[in-house]
> 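What follows is a single structure, and I will ask about it in a moment.
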Amino acid sequence: MTSLSDAELDALVEQAIVDAYDEHEQHAAFHCLLEEHLIVPFQTTVLGVEVTVTKIDLSPGGEIVGICTRAKHRQAIGILDLPLPTPRPAGAEWIDAYRHWTC
């Protein structure tokens, strides 16, 4: 999990949503920051199967998801449900900030 303090997470959240007027814009702001800072691709394991997270996207319902691929298969998994590998990919602190904001 994160090694950032609540104050550090609060600062990241504030940076993310400073110009967002409603919840939809706030989700979009986090999406933009994750696209910018989270280094993809990276490998992780989902239900015992190794997958590659190739990009970050927004679902039609506005959820931030990781697009996971394995061979010819693709699946969107909610970024907060996606297990992160060790070591965590660069930029993972923005997932921590997003989680902190949603709780």
Side-chain angles (χ1 to χ4, degrees):
M1 202 60 142
T2 182
S3 61
L4 298 177
S5 69
D6 282 347
E8 291 168 316
L9 291 170
D10 287 341
L12 288 175
V13 168
E14 180 61 27
Q15 183 180 341
I17 64 172
V18 67
D19 292 327
Y21 294 104
D22 60 22
E23 191 172 322
H24 174 75
E25 287 185 9
Q26 292 169 347
H27 279 277
F30 270 106
H31 173 250
C32 288
L33 284 167
L34 282 163
E35 276 191 311
E36 182 179 333
H37 294 286
L38 184 64
I39 301 301
V40 293
F42 64 86
Q43 268 70 43
T44 192
T45 303
V46 176
L47 296 175
V49 177
E50 188 171 289
V51 299
T52 301
V53 178
T54 57
K55 72 181 229 173
I56 303 301
D57 206 353
L58 273 175
S59 72
E63 179 185 14
I64 299 173
V65 296
I67 304 301
C68 301
T69 61
R70 178 176 167 93
K72 64 178 181 164
H73 303 284
R74 262 176 56 132
Q75 182 170 348
I77 298 177
I79 197 72
L80 298 179
D81 297 324
L82 190 63
L84 293 177
T86 302
R88 293 161 31 112
E93 67 273 9
W94 287 103
I95 296 173
D96 299 332
Y98 181 60
R99 177 176 281 110
H100 183 73
W101 175 71
T102 61
C103 292

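Only a predicted model underlies this, so the values are computations on that prediction, with no experimental measurement involved.
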> Measuring from atom CD of Glu63 to atom NE2 of His27, what distance do you get when rounded to the nearest 0.5 angstrom?
9.0 Å

> Show me the donor-acceptor pairs, under 3.5 Å and distance only, between side chains in residues 29-41 and residues at least two apart or in other chains.
none

> Can you run down the salt bridge (charged side-chain N to carboxylate O under 4.0 Å, His left out) pairs that involve residues 5-16, sequence neighbours left out, and say none if there aren't any?
none

> Pair Asp57, Lys55 - check side chain to side chain contact (heavy atoms under 4.5 Å, CB included), show working.
CA-CA 7 Å; Asp57 206 353; Lys55 72 181 229 173; 3.7 Å; yes

> Determine whether more than 12 heavy atoms belonging to other residues, nucleotides or ligands lie under 6.0 Å from atom CG of Asp19.
no

> To the nearest 0.5 Å, how far apart are CD in Gln26 and OH in Tyr21?
11.5 Å

> Please determine whether side chain to side chain contact (heavy atoms under 4.5 Å, CB included) holds for the pair Leu4 and Leu12, giving the CA-CA distance in whole Å, both sets of side-chain angles, and the decisive distance to 0.1 Å.
CA-CA 10 Å; Leu4 298 177; Leu12 288 175; 3.8 Å; yes

> Please tell me if the side chains of Leu84 and Thr44 come closer than 4.5 Å, counting only heavy atoms from C-beta onward.
no

> Run the side-chain donor-acceptor check on residues 64-83: report pairs under 3.5 Å with partners two or more places apart or on a different chain.
{"from": "Thr69", "atom 1": "OG1", "to": "Thr52", "atom 2": "O", "distance (Å)": "3.3"}
{"from": "Arg70", "atom 1": "NH1", "to": "Glu50", "atom 2": "O", "distance (Å)": "3.1"}

